[in-house]
Q: 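So that we are looking at the same thing, I have put the structure below in structure tokens.
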Amino acid sequence: MFCPLGPATLLTLGLLAKHVVAARAPTPRNDPSVLWSSCESFGVNSTDSNLQCGSLDVPMDYHDNSAGTARLAVIKYSATAPNKLGGPGESGVEAISESGQAFSRAFQGAFDIVSWDPRGVGYTFPGAVTCFNSSEEDANFWYHTVVSYINETISGRFDQQDLEELYSQVDSTKEKFKAFTAGCQNGPVGPYLKYIGTSSTVRDLVSLGDAIVGKGEPIDYWGISYGTVLGFNFVNMFPERVGHVILDGVVDPTSWVSFELAYSAFTNTEKTYSGLTDGCAKAGRVGCKLIELTGDNASGDDVKALLDFAHDAALELYRAGVEVPAEPGYFKYSLYHILYTPMMWSDYVNGPIYQFVALALQAAQAHNITTDGGFKYNVPSGNITIDQTGNPPSPNLTSYTTAAIVGADDFNDDKTTITNLFDIIVNVTRQDTATFGTVWDDGSFGWPVRSVERLAPFSPKQLKNPVLIIGNAADPITPFANAEKAANLLGDNAFLLEQLGFGHTSIAQFSSCTLGVMINFFANSTLPKGRTAQCPVDNTDLFPVLNGSSTTSKRSTLLRRWR
């Protein structure tokens, strides 16, 4: 995760989790300290003298000393400018070890960039929440279930066949979750699950502030994605410590404790998807290989139709027991997750997405699968294989920290059932995103452990500095409406910036305008006049002419997806 601090800043990126509810007053504690040294103990091999690592001991339970101690893994990329200002730091040892230099350069070397692995992540103790003995066991447990891409046998149209297939699995899904959560409780982090939650992480953020900028000093913070949940609740729990706070890619703060968060999460997904397909069509075959399959003069809608056909053809064959190049559910999941990172659209679309579609067309032709108007696509000849290098990650991951945080934060007082969850999936598909409504892999349902401290309802307070809230015009998971809602809740304490680009959070596409606003805010406490502003992105050409080389390899790691 990321967070920025006072004359040094913590910058927090995050897992996109889902929920939150009742914090107690802060308790006095001793001044902490971080002892900086090399990062070798964290598996970071770097000769960059500006990169340092350390650890910070904090209470496992800030209200019960008998619970013992947690240990946060902390990393810092030191300022390089002669007169450093202190400033944004990042979220996570891995993130800052890979891209600390890129962030430092972006902020003109003026800030110490400090970050940490939050509870349940990386080198921090408690560490990753594991529920299985291996990735293979994990994948096999969920295989061909609703949780695995909403079951590969569901098309996502939710016709009668889809509805019957989905709701026939209510009981089996409920039992799956019971077995899954029991495995998590019996895992190595099981005894510490009640200490992994947003409220504890907010208090850890303040402890880092005490250690790095001084006890009681203002804390500057850049929260990205789930980091906006931390930031919003940091502002709510510790208004007296708020320095310069940026919330970037805002998770709906009013829906965090509800599975109905999905209703606010997907409202811009199709808009982002149209950006991808329209960009491909505009580039033509010189920039987007899918046009070789549709034929020239294709529109963005024609590209969507091609991708839909490839998925549906693979699904029809899969249902019939015919071997397919990849499970249709995984294809849709992969397509959805590349929407997060428009600077990588060209690589993914011209690589594994094109390969899947080409193979699906070959199989469709061989098995006489057609569209309503017959078979209208150009089928490539020859052997084609799918390059898995750099593919979006499978949801079947060994670490279930996101589910643990969601479950720990959520009271589930509404008694949400599996049927309710399926209703949400169907409704989101019909109302918001017909393409991606079935991309669902939430492991937090029925989570048996609640955090020792959950978050209090939001209570507006006067802040010394306004909170800078940033949202992308077309973000596939945290739509701009969420940023508007957060700004309305904060009232006069908020400044709202809309970045006119695609992808998840402002770092999905580079904007010198946005970066300039952020630098002025952190360094000079200044913002543009008024309460709102817009910033264009610098590069709108997301499908450059193909020349046989990787496009993403030429771009700054600052623009890569953060997780």
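Excluded from the calculations below are hydrogen atoms, water molecules and symmetry mates; all remaining heavy atoms, backbone and side chain alike, are included.
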Q: Tell me yes or no: between the side chains of Thr514 and Gln499, is some donor less than 3.5 Å from an acceptor?
A: yes

Q: Return yes if some donor-acceptor pair links the side-chain N/O of Lys271 with the main-chain N/O of Ala473 below 3.5 Å, else return no.
A: yes

Q: Do Phe502 and Trp345 make the cut of ring centroids closer than 6.0 angstrom?
A: yes

Q: Does the pair Leu546 and Asn350 meet the rule for a side chain to side chain contact (heavy atoms under 4.5 Å, CB included), with working shown?
A: CA-CA 9 Å; Leu546 296 169; Asn350 290 304; 3.5 Å; yes

Q: Testing Val467, Val235, Ile224 for side-chain contact (heavy atoms from CB on, under 4.5 Å) with Leu247, which one passes?
A: Val467

Q: Take Ser451 and Ile196 through the side chain to side chain contact (heavy atoms under 4.5 Å, CB included) test and state the conclusion after the steps.
A: CA-CA 7 Å; Ser451 176; Ile196 296 176; over 6 Å; no

Q: For Trp447, is there any backbone N or O sitting under 3.5 Å from a side-chain donor or acceptor partner on Arg450?
A: yes

Q: Do you know which two heavy atoms are closest between Gly243 and Pro218, and how far apart they sit?
A: CA-CB, 3.8 Å

Q: Nearest 0.5 Å please: distance from the CD1 atom of Ile470 over to the OG1 atom of Thr505.
A: 9.0 Å

Q: Could you walk me through whether Tyr221 and Ile246 satisfy the side chain to side chain contact (heavy atoms under 4.5 Å, CB included) test, starting with their C-alpha distance in whole Å, then the side-chain angles of each, then the deciding distance to 0.1 Å, before giving a yes or no?
A: CA-CA 6 Å; Tyr221 173 90; Ile246 298 177; over 6 Å; no

Q: Taking the six-membered ring where the residue is Trp, are the ring centres of Phe180 and Tyr400 under 6.0 Å apart?
A: yes

Q: Mind checking whether Phe331 and Phe356 have parallel, tilted or perpendicular rings, split at 30° and 60°?
A: parallel

Q: Any sub-3.5 Å donor-acceptor pair from Asn520's side-chain atoms to Leu527's backbone N or O?
A: no

Q: If we count only N and O atoms by modelled type, under 3.5 Å, do the side chains of Lys304 and Thr435 hold a donor and an acceptor together?
A: no

Q: Are the charged groups of Arg531 and Asp492 less than 4.0 angstrom apart, N to O?
A: yes

Q: Could you verify whether a donor N or O on one side chain and an acceptor N or O on the other, from Gln169 and Thr145, lie under 3.5 Å apart?
A: no

Q: Let me confirm one number: the OG1-NZ distance from Thr181 to Lys176, rounded to the nearest 0.5 Å.
A: 12.5 Å

Q: The test is side chain to side chain contact (heavy atoms under 4.5 Å, CB included); show your working for Leu496 and Phe480 and say whether it passes.
A: CA-CA 10 Å; Leu496 180 62; Phe480 186 68; 3.8 Å; yes

Q: Hey, what do you get for OG (Ser334) to CD (Glu327), rounding to the nearest 0.5 Å?
A: 10.5 Å

Q: Can any side-chain N or O of Asn493 pair as donor or acceptor with the backbone N or O of Pro466 at less than 3.5 Å?
A: no

Q: Working to the nearest 0.5 angstrom, can you tell me the gap between Asn472 CG and Ile477 CD1?
A: 13.5 Å

Q: Do the side-chain N and O atoms of Asp538 and Ser512 include a donor-acceptor pair separated by under 3.5 angstrom?
A: yes

Q: Does the Thr228 side chain pair with the main chain of Val250, one donor and one acceptor, at a distance under 3.5 Å?
A: no

Q: With a 4.5 Å heavy-atom cut-off, do Met343 and Thr341 have their side chains touching?
A: no

Q: Just checking, any donor-acceptor pair under 3.5 angstrom between side chains of Asp423 and Tyr167?
A: yes

Q: Hey, are Asp162 and Ser155 close enough side-chain-wise for a donor-acceptor pair under 3.5 Å?
A: yes

Q: Tyr263 and Asn427: side-chain hydrogen bond (donor to acceptor under 3.5 Å, both in side chains), yes or no, with the steps?
A: CA-CA 9 Å; Tyr263 284 123; Asn427 290 335; 3.2 Å; yes

Q: Would you say the side chains of Asn482 and Thr478 form a donor-acceptor pair under 3.5 Å?
A: no

Q: Do Thr272 side-chain atoms and Asn268 backbone N/O form a donor-acceptor pair below 3.5 Å?
A: yes

Q: Please collect all salt bridge (Lys or Arg N to Asp or Glu O under 4.0 Å) contacts where either partner lies in residues 474-488, sequence neighbours excluded, each pair once.
A: Asp252-Lys485

Q: So how far is it from Thr438 OG1 to Glu152 CD, rounded to the nearest 0.5 Å?
A: 10.5 Å

Q: Any side-chain to backbone donor/acceptor pair from Thr401 onto Val129? Under 3.5 Å, distance only.
A: yes

Q: Tell me, yes or no, whether the heavy-atom count around Lys461 atom NZ, taken from other residues, nucleotides or ligands under 6.0 Å, exceeds 12.
A: yes

Q: Between Ala456 and Asn236, what is the shortest heavy-atom contact and its length?
A: O-ND2, 3.4 Å

Q: What heavy-atom pair brings Val202 and Met237 nearest, and what distance separates the two atoms?
A: CG1-SD, 3.8 Å

Q: Quick one: does any side-chain atom of Asp409 pair with a main-chain N or O of Gly197 as donor and acceptor, under 3.5 Å?
A: no

Q: Restricting to non-hydrogen atoms, name the atom on Val517 and the atom on Cys535 that form the minimum distance, rounded to 0.1 Å.
A: CG2-SG, 4.3 Å

Q: Kindly assign one of parallel, tilted or perpendicular to the pair Tyr340 and His504, based on the angle between their ring planes and the thresholds 30° and 60°.
A: perpendicular

Q: Side chains of Val242 and Lys464, heavy atoms from C-beta outward: is any pair under 4.5 Å?
A: no

Q: Could you tell me whether the side chain of Ser274 and the main chain of Glu270 form a donor-acceptor pair under 3.5 Å?
A: yes

Q: Thr198 and Tyr226: side-chain donor and acceptor closer than 3.5 Å?
A: yes

Q: Using only atom types and a distance under 3.5 Å, with no angle test, would you say the side chain of Asp248 pairs donor to acceptor with the backbone of Gly223?
A: no

Q: Which is it for Thr294 and Asp302 under the side-chain hydrogen bond (donor to acceptor under 3.5 Å, both in side chains) test, yes or no, and what are the steps along the way?
A: CA-CA 7 Å; Thr294 62; Asp302 292 331; over 6 Å; no

Q: For Ile469 and Ala486, which heavy atoms make the closest approach, and how far apart are they?
A: CD1-C, 3.8 Å

Q: If I take atom NE2 from residue His244 and atom OG from residue Ser525, how far apart are they, to the nearest 0.5 angstrom?
A: 2.5 Å

Q: Looking only at heavy atoms, what is the nearest atom pair of Pro536 and Ser511, with distance?
A: O-OG, 2.7 Å

Q: Please lay out, stage by stage, how Asn420 and Thr417 fare under the test side-chain hydrogen bond (donor to acceptor under 3.5 Å, both in side chains).
A: CA-CA 5 Å; Asn420 297 149; Thr417 65; 3.1 Å; yes

Q: Report the residue from Tyr330, Phe436, Tyr348 that forms a ring-ring contact (aromatic ring centres under 6.0 Å, His included) with Tyr336.
A: Phe436

